Asker: 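What follows is a single structure, and I will ask about it in a moment.
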Protein chains: 2
Amino acid sequence: MLSDMTAKSIRARVRDELTSEIKAIARQQLATDGANLSLRAVARELGMVSSAVYRYFPSRDDLLTALIIDCYDELGEAAETAEAAVDRSDLLGRWLATGHGIRDWALANPAEYALIYGSPVPGYRAPETTVGPAARTTNVILALLADGVAAGTLTVADPVPGGGIVLPLPPELGAELDRIAATVCPDVPREVLSRGITAWIQLFGTVTFELFGRLQNMIESSRRNFFDRQLRVMAVYVGLR
Amino acid sequence: MLSDMTAKSIRARVRDELTSEIKAIARQQLATDGANLSLRAVARELGMVSSAVYRYFPSRDDLLTALIIDCYDELGEAAETAEAAVDRSDLLGRWLATGHGIRDWALANPAEYALIYGSPVPGYRAPETTVGPAARTTNVILALLADGVAAGTLTVADPVPGGGIVLPLPPELGAELDRIAATVCPDVPREVLSRGITAWIQLFGTVTFELFGRLQNMIESSRRNFFDRQLRVMAVYVGLR
DNA sequence: ACAAAACGAGAGCACTGCTCTTGACAGCGA
DNA sequence: TCGCTGTCAAGAGCAGTGCTCTCGTTTTGT
């Protein structure tokens with residue numbers, strides 16, 4: 001009985017170990033070779049022959065998919081843990097923590113961020129298994145919006161008192177926002193969701209610009225300050241306090 | 001004399017023709033193979049042997065650089081012509097035209113957009129010759145800001161009357177913004193420049209998200225409406241009217 | 001008309017993803 | 001303990017890649 005389980009575990013465990021070792025070296029190579037990493041180089045690094053790697057990943061794209069899922073999960077976890085450390089009623093603090101958690105992970109893993117948020121690999125179709133991990137970061141923000149709505153902080157009305165920053169939503173866009181809200185955050189009105197999406201795009205747009213070198217010769221020494229300000233500007237726009 | 005010139009023209013012209021033909025086919029392949037296009041495939045398409053292509057581009061990276069410069073120039077020209085068609089005093093119209101011009105070009109040339117605004121190719125260092133063409137689109141926006149400042153429309157003060165969307169700039173970030181403004185738009189105050197950069201990031205962030213598939217299962221049928229609204233929201237934030 | 005430069009073709013090198021076959025080893029039931 | 005079966009690493013091999021070098025040919029400048 002026990003020997004059965006350990007025997008099974010033995011083969012399975014060494015396989016899992018090799019699998020994660022392959023992924024580790026592949027991620028290491030990701031930093032230098034980007035998305036077009038070499039399976040043979042990974043095998044060489046492991047002292048294996050290239051064909052042996054195919055016992056663990058049926059193709060290079062499958063290895064890439066595994067890496068993508070891992071990265072989505074890591075980024076999602078980074079966002080979740082950063083956000084979880086803030087008092088639930090402090091919506092602004094939660095938003096800031098989420099943003100900086102995402103940016104910090106991206107700065108620490110630039111190649112991985114480029115893999116999941118950069119140009120789509122031509123000919124590569126992301127399988128369905130990636131959408132779950134990919135949604136983790138957005139779910140953090142959506143929960144933030146839902147909590148703000150529940151607390152009465154986020155409303156349909158203009159979050160900037162006396163300001164005119166809220167523009168009417170075109171009907172087709174409004175309908176589409178309603179459809180999104182219905183499936184993913186039922187109690188968030190379309191106006192709040194719309195502002196949240198704008199802030200979401202600003203967050204990732206700023207990280208992407210910083211990592212892809214578009215801030216070079218512009219914002220250099222105060223990039224964290226700049227990003228923090230971007231977050232706060234969007235927080236005011238959304239109404240997070 | 002004339003024969004000299006035509007003789008000179010003959011060799012140079014056929015060379016230029018071949019050069020642009022290579023680039024045309026390379027851009028065609030860009031759509032299917034992305035940044036890792038095959039020089040041999042381009043040569044095959046031309047009925048040449050691969051080594052012949054090296055007479056025109058010393059390496060694959062040089063061909064890529066030529067494509068990048070062409071794309072920057074095309075995108076810049078698209079933004080410029082779209083913006084030039086609007087009355088100079090209509091700042092909001094100019095901003096909207098610029099944004100839609102950029103997005104329209106990106107939608108028409110998604111692979112090219114990914115080439116210049118996607119993940120940086122690992123190991124590829126963009127040469128100095130690309131920064132000029134790359135700056136064309138941002139120059140359009142900077143001119144917009146400068147005109148708004150000159151007309152008195154854009155000021156340091158909060159563009160949203162009675163609103164509190166303007167946050168104080170951290171001193172280091174303010175100094176950096178001053179440094180940018182001094183070299184590229186001397187009469188634009190740091191506050192206006194800061195708002196412009198935020199709008200600029202929102203513009204390209206939205207286009208990037210749309211093209212890289214991050215809007216899938218969210219905004220589908222009303223993407224142009226969504227982008228237009230994004231532009232208008234940022235216009236209100238910046239103070240463009 | 002002649003030397004020099006430019007050009008296309010071909011062979012070749014080292015590399016890639018991937019497939020197929022071969023031989024070795026471990027776990028299983030009898 | 002002895003075969004059987006499934007898993008594994010290794011090697012050869014195929015087609016493709018970027019790139020270099022050489023070899024005749026053509027074109028150019030003088």
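Naming: A, B, ... by sequence-line order, numbering from 1 per chain. What you see is a predicted model; the values in this text were computed from it and never measured.
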Asker: How close or far is atom P of dG17(C) from atom CZ of Phe57(A), stated in whole angstroms?
Answerer: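 After rounding, the gap between these two atoms is 14 Å.
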Asker: Can the positive tip of Arg136(A) be found less than 6.0 Å from the middle of the six-membered ring of Tyr72(A), inside 45° of the ring normal?
Answerer: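 Cation-pi check for Arg136(A) and Tyr72(A): fails.
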Asker: Between the two end axes of the helix from dA1(C)-dT30(D) to dA30(C)-dT1(D), each built from 5 base pairs, what angle do you get to the nearest 10°?
Answerer: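 The value is 10°.
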Asker: Tell me, please, which residues at least two apart from Ser38(A) pass side chain to side chain donor-acceptor pair (under 3.5 Å).
Answerer: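 Listed in chain order: nothing, the list is empty.
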Asker: Using 30° and 60° as the class boundaries, would you call the ring planes of Phe204(B) and Trp200(B) parallel, tilted or perpendicular?
Answerer: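 Ring orientation of Phe204(B) relative to Trp200(B): perpendicular.
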Asker: Taking only heavy atoms on the protein side, list every residue of residues 58-71 of chain B lying under 4.0 Å from any atom of DNA chain D, sorted numerically.
Answerer: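 Of all residues in residues 58-71 of chain B, the ones placing a heavy atom under 4.0 Å from DNA chain D are Ser59(B), Arg60(B).
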Asker: For residues Ser221(A) and Glu176(B), is any side-chain donor paired with an opposing acceptor at under 3.5 Å?
Answerer: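 On atom types as modelled, these side chains qualify, holding a pair under 3.5 Å.
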Asker: Find the distance Glu21(A):CD to dA9(D):C1' and express it as a whole number of Å.
Answerer: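 So the two atoms are 15 Å apart, to the nearest Å.
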Asker: Under the side chain to side chain donor-acceptor pair (under 3.5 Å) rule, collect the residues that match up with Thr98(B), sequence neighbours excluded.
Answerer: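 Partners of Thr98(B) by the side chain to side chain donor-acceptor pair (under 3.5 Å) criterion come out as none, since no residue qualifies.
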Asker: Measure all distances between protein nitrogen or oxygen atoms and nitrogen or oxygen atoms of nucleotides 6-10 of chain C, and list the pairs falling under 3.5 Å.
Answerer:
residue, atom, partner, partner atom, Å
dC7(C), OP1, Arg15(B), NE, 2.9
dC7(C), OP2, Arg15(B), NE, 3.4
dC7(C), OP2, Arg15(B), NH2, 3.2
dG8(C), OP1, Tyr56(B), OH, 2.9
dG8(C), N7, Arg55(B), NE, 3.4
dG8(C), O6, Arg55(B), NH2, 2.4
dA9(C), OP2, Val49(B), N, 3.4
dA9(C), N7, Ser51(B), OG, 3.3
dG10(C), N7, Ser51(B), OG, 3.4
dG10(C), O6, Ser51(B), OG, 2.7

Asker: Quick one: side chain to side chain donor-acceptor pair (under 3.5 Å) partners of Asn217(B), sequence neighbours excluded?
Answerer: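 Scan of Asn217(B) (side chain to side chain donor-acceptor pair (under 3.5 Å), adjacent residues dropped) gives none.
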Asker: Can you name the residues that form a ring pair (Phe, Tyr, Trp, His ring centres under 6.0 Å) with Phe226(A), not counting sequence neighbours?
Answerer: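 With neighbours one apart ignored, the set is empty.
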Asker: Checking Arg190(A) now: which residues fulfil salt bridge (Lys or Arg N to Asp or Glu O under 4.0 Å) with it, not counting sequence neighbours?
Answerer: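 Salt bridge (Lys or Arg N to Asp or Glu O under 4.0 Å) check on Arg190(A) returns Asp178(A).
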Asker: With a 4.0 Å heavy-atom cut-off, tell me which residues in residues 29-45 of chain B come close to DNA chain C, sorted by residue number.
Answerer: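 Going residue by residue through residues 29-45 of chain B, the ones with a heavy atom under 4.0 Å of DNA chain C turn out to be Arg40(B).
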Asker: Please set out all donor-acceptor pairs under 3.5 angstrom arising from side-chain atoms of residues 120-135 of chain B, sequence neighbours excluded.
Answerer:
residue, atom, partner, partner atom, Å
Tyr124(B), OH, Thr65(B), OG1, 2.6
Thr130(B), OG1, Pro127(B), O, 2.8

Asker: Less than 3.5 Å apart, any donor N or O on the side chain of Asp16(B) or Thr19(B) sitting next to an acceptor on the other?
Answerer: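 Checked: Asp16(B)/Thr19(B) side chains show no N/O donor-acceptor pair below 3.5 Å.
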Asker: Go through the structure and list residues passing side-chain contact (heavy atoms from CB on, under 4.5 Å) with Arg195(A), not counting sequence neighbours.
Answerer: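 Partners of Arg195(A) under the side-chain contact (heavy atoms from CB on, under 4.5 Å) test: Pro159(A), Val166(A), Glu191(A), Val192(A), Tyr237(A), Val238(A).
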Asker: Could you pull out every donor-acceptor pair under 3.5 Å between side chains of residues 99-111 of chain A and any protein atom, sequence neighbours left out?
Answerer:
residue, atom, partner, partner atom, Å
His100(A), ND1, Arg224(A), NH1, 3.4
His100(A), NE2, Asp228(A), OD1, 2.8
Arg103(A), NE, Glu210(A), OE1, 2.9
Arg103(A), NH2, Glu210(A), OE2, 3.0
Trp105(A), NE1, Glu74(A), OE1, 3.2

Asker: Closest approach of Val140(B) and Glu80(B), non-hydrogen atoms and distance?
Answerer: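 In terms of heavy atoms, the two residues are closest at CG2-CG, 3.6 Å.
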